[in-house]
Amino acid sequence: MSVTHRLTAPAPGWTASTDVVVVGSGVAGLTVALNVRKAGLRAMVVTKAVLDEGSTRWAQGGIAAALGEGDTPEQHLDDTLVAGAGLCDEEAVRTLVTEGPDAVRRLIATGALFDRGEDGEILLTREGGHHRRRIAHAGGDATGAEISRALVAAVRTDPGIELIEHALVLDLLTDPEGHAAGLTLHVMGEGQRDGVGAVRARAVVLATGGMGQVFSATTNPAVSTGDGVALALRAGAAVTDLEFVQFHPTPLWVGPDAEGQLPLISEAVRGEGAHLVDADGVRFMVGQHELAELAPRDIVAKAITRRMQEQGADHMFLDGRHFGAEMWEHRFPTILATCRAHGIDPVTAPIPIAPAAHYASGGVRTDPRGRTSVPGLYACGEVACTGVHGANRLASNSLLEGLVFAERIAADLAGRHAAGELPERTVDVAAARAARPVPLPPSEARAEIQRLMSRGAGVLRSAASMADAAAGLALIAEQAHSHVAEEKPADPRVETWEAANLLLVATALVAAAAQREETRGCHWREDFPERDDAHWRRHLITTLAASGDPVSTPEEQ
């Protein structure tokens, strides 16, 4: 299999080589790099900004694992399956929950410092969908930052791991047999490695994080533009479950016109007893679910959205005034500082909140070892779809999934290396040149894509809303093609490459969401309000057609 589509870009002006190239520097990517080094393989980590700028550092709540007394992997499995609304791969979940506790202990051995009680035991809290306290946290509400700190420190001290920061990955390179042989990338101002280059490798691991920037309002950082999913699609890989985008119920509402990355009010705040209320102080989650405010995220986000519609309001409130100043200062110092920076004091006033795009449950389809449908191409973390999350991710399973499946990828690569199955690869230059270049939309298309997606494929969807979004996205693509025909193409640069990635991911997401005519998990159709197990208890698998258009095919039941 050869790569059939590629971003319009200059030819590589420099070349580097390694054994395993990892794209992304969150918990998943850095864990792969550290673990392949133990097998004697060289690793290169390519990251879009600096090492700790990805989504991992923004994770407030914690990492879920059956570490507490009386808790078991089986109970963690049950909660995960319920949240996933019938679409989890049970064996993938079993892998997660059984290998998770030891993976967390290895993370601690790497240097991550979790909050502990006076007895020295790790402190655990609850979040939505969990029936037990099993969320380990650090710095109160700075878990991701602490995990990132520990992993970055370990990576920086390993001379066998090469780092390339400020680099946007472009496309996969393959050998004549269709096996991944490296990638092309663009480095922003790195001396000799400036501009477009190529990294040759025996295997490629995507750990690029999410695609929240496809929507106007998101908790994701600005770098989360779906680059990994777009690269995988252009390389011929299958992606799945793209329609299941989790909207976090409680990002901070900072005004009606807010766009970009919004501050997150962690689910752990509700885990410690904060209440969701409307402007009249009514707790509207009571009676809607046995866990009330701690129901799975899709249920809470829908309830908030529904209440906003009923009352003509653009936000609801999270009330934690009963915590008192001392608890806010010690348990949630980051959130407290963020709220106060926006003129809100949660010690004395409820926090205004509204749902925003948070996490992609779907992504590049992988097997239990992290292998994609393209030989030699792996994926882990939010960019991957391992089958763990199903139609809706259980709170704080994301860091654990990145950790567990990164270790499994490293183990697979180590085994292949020991068996002589990771030879050096020769890039199929003819195939790379023959790949069809994707016309680039102008950089300002990014904002239009986000507006179309938020209006048409946000928390609440319908056939009409998604048809409008699809038409708007098609127009952007058509204009990009016409500009090429008129010899007025957009300049190849980071902003236009990101816009092209967002356009592809958005188009694929809308195509899948329009096809799934039911409401399940975090996919909410107002025109199909019921779950339909008879027809839709299956996955949609998306690939690119020869034309470059995404095509979603239902998995056989």
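What you see is a predicted model, and the numbers here were worked out from it, not measured in a lab. Basis for what follows: all heavy atoms, side chains included, without hydrogens, waters or symmetry-related copies.
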Visitor: Please name the residue in the list Val254, Leu252, Thr218, Asn220 that meets the side chain to side chain contact (heavy atoms under 4.5 Å, CB included) test with Leu262.
Guide: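 In the set Val254, Leu252, Thr218, Asn220, the residue that makes a side chain to side chain contact (heavy atoms under 4.5 Å, CB included) with Leu262 is Val254.
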Visitor: Go through the structure and list residues passing salt bridge (charged side-chain N to carboxylate O under 4.0 Å, His left out) with Arg461, not counting sequence neighbours.
Guide: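 Applying salt bridge (charged side-chain N to carboxylate O under 4.0 Å, His left out) to Arg461 gives none.
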Visitor: Any side-chain heavy atom of His131 within less than 4.5 Å of one from Glu290?
Guide: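 Yes - at least one pair of side-chain heavy atoms lies under 4.5 Å apart.
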Visitor: Taking the side chain as every heavy atom from C-beta outward, state whether Asn392 and His523 have any pair of such atoms under 4.5 Å apart.
Guide: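 Answer no - side chains too far apart.
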Visitor: Just so I know, are the side chains of Leu113 and Glu146 near enough to count as touching, which here means a heavy-atom distance under 4.5 Å?
Guide: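 The answer is yes, as the side chains (C-beta and beyond) meet within the 4.5 Å cut-off.
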Visitor: Do NZ/NE/NH1/NH2 and the carboxylate oxygens of Arg446 and Glu448 come within less than 4.0 Å?
Guide: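 No, Arg446 and Glu448 are not salt-bridged.
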Visitor: Under a 3.5 Å threshold, yes or no: a donor from one side chain and an acceptor from the other, between Lys48 and Thr225?
Guide: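 There is such a pair between these side chains.
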Visitor: Would you say Asp89 and Val388 make side-chain contact, with heavy atoms under 4.5 Å?
Guide: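 In short, these two side chains do not touch, never coming nearer than 4.5 Å.
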Visitor: Set out, in order, the CA-CA distance, both residues' side-chain angles and the distance that settles salt bridge (charged side-chain N to carboxylate O under 4.0 Å, His left out) for Glu243 and Arg516, then state yes or no.
Guide: CA-CA 8 Å; Glu243 66 271 33; Arg516 182 173 289 277; 2.6 Å; yes
Visitor: Mark yes when over 12 heavy atoms from residues, nucleotides or ligands other than Glu310 sit less than 6.0 Å from its CD; otherwise mark no.
Guide: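 Atom CD in Glu310 is crowded, with more than 12 foreign heavy atoms closer than 6.0 Å.
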Visitor: Pick from Arg126, Arg134, Glu127: which one makes a side-chain hydrogen bond (donor to acceptor under 3.5 Å, both in side chains) with His130?
Guide: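 Going through the options one by one, the only one that passes is Arg134.
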Visitor: Side chains of His248 and Tyr359: does their closest heavy-atom pair fall under 4.5 Å?
Guide: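 No - every pair of side-chain heavy atoms lies 4.5 Å or more apart.
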Visitor: Side-chain contact, heavy-atom cut-off 4.5 Å: Glu329 with Leu336?
Guide: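 A side-chain contact under 4.5 Å exists here.
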Visitor: Among side-chain atoms of Thr80 and Asn397, is any donor-acceptor pair under 3.5 angstrom?
Guide: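 On atom types as modelled, these side chains qualify, holding a pair under 3.5 Å.
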Visitor: If you define the side chain from C-beta out and look only at heavy atoms, does anything of Arg306 sit under 4.5 Å from Gln288?
Guide: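 When only atoms from C-beta onward are counted, Gln288 and Arg306 do touch, with a gap below 4.5 Å.
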Visitor: Go through the steps for Arg520 and Asp533 under the test salt bridge (charged side-chain N to carboxylate O under 4.0 Å, His left out), then give the verdict.
Guide: CA-CA 9 Å; Arg520 181 187 298 270; Asp533 279 350; 2.7 Å; yes
Visitor: Any side-chain donor-acceptor pair under 3.5 Å between Thr125 and Glu272?
Guide: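 Their side chains do contain a donor-acceptor pair, which is all the 3.5 Å distance test asks for.
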Visitor: Going by the side chain to side chain contact (heavy atoms under 4.5 Å, CB included) test, name the single residue among Thr334, Ile353, Thr219 that passes it with Leu264.
Guide: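 Exactly one option meets the side chain to side chain contact (heavy atoms under 4.5 Å, CB included) with Leu264, and it is Thr219.
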Visitor: On the 0 to 90° scale, with breaks at 30° and 60°, tag the Phe323-Trp328 ring pair as parallel, tilted or perpendicular.
Guide: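 Plane angle between 30° and 60°, so tilted.
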Visitor: Between Val229 and Gly363, what is the shortest heavy-atom contact and its length?
Guide: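 Minimum heavy-atom contact is CG2-CA, 4.3 Å.
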Visitor: Can a side-chain donor-acceptor contact be found between Asp319 and His275 if the only test is distance below 3.5 angstrom?
Guide: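 His275 vs Asp319: no donor-acceptor pair found between side chains.
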Visitor: Output yes when Arg270 and Glu293 qualify as a salt bridge under the 4.0 Å nitrogen-oxygen rule, no when they do not.
Guide: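 Here Arg270 does not pair with Glu293 in a salt bridge, since their nearest N and O are not under 4.0 Å apart.
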Visitor: Around Glu326, counting heavy atoms of other residues, nucleotides and ligands shown, do more than 12 lie under 6.0 Å from its CD?
Guide: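 Result for CD/Glu326: open.
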Visitor: Please say which of Gln246, Glu401, Glu382 ends up in a side-chain hydrogen bond (donor to acceptor under 3.5 Å, both in side chains) with Arg393.
Guide: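 By the side-chain hydrogen bond (donor to acceptor under 3.5 Å, both in side chains) criterion, Arg393 pairs with just one of Gln246, Glu401, Glu382: Gln246.
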Visitor: Any side-chain donor paired with an acceptor under 3.5 Å for Thr366 and Thr372?
Guide: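 No, no side-chain donor-acceptor pair sits under 3.5 Å.
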Visitor: Below 4.5 Å, heavy atoms only, C-beta onward: do Val239 and Thr543 meet side chain to side chain?
Guide: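 Heavy-atom side-chain distance check fails, nothing below 4.5 Å.
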Visitor: For the atom pair OG (Ser552) and CG (Leu242), what is the distance rounded to the nearest 0.5 Å?
Guide: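 Going from OG on Ser552 over to CG on Leu242, the span is 7.0 Å.
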Visitor: Tell me if a side-chain donor or acceptor on His342 pairs with a main-chain N or O of Thr338 at a distance below 3.5 Å.
Guide: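 Side chain of His342 to backbone of Thr338, a donor-acceptor pair under 3.5 Å: yes, one is there.
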Visitor: Is a side-chain N or O of Asp278 found less than 3.5 angstrom from the main chain of Val282, in a donor-acceptor match?
Guide: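 At least one qualifying donor-acceptor pair exists.
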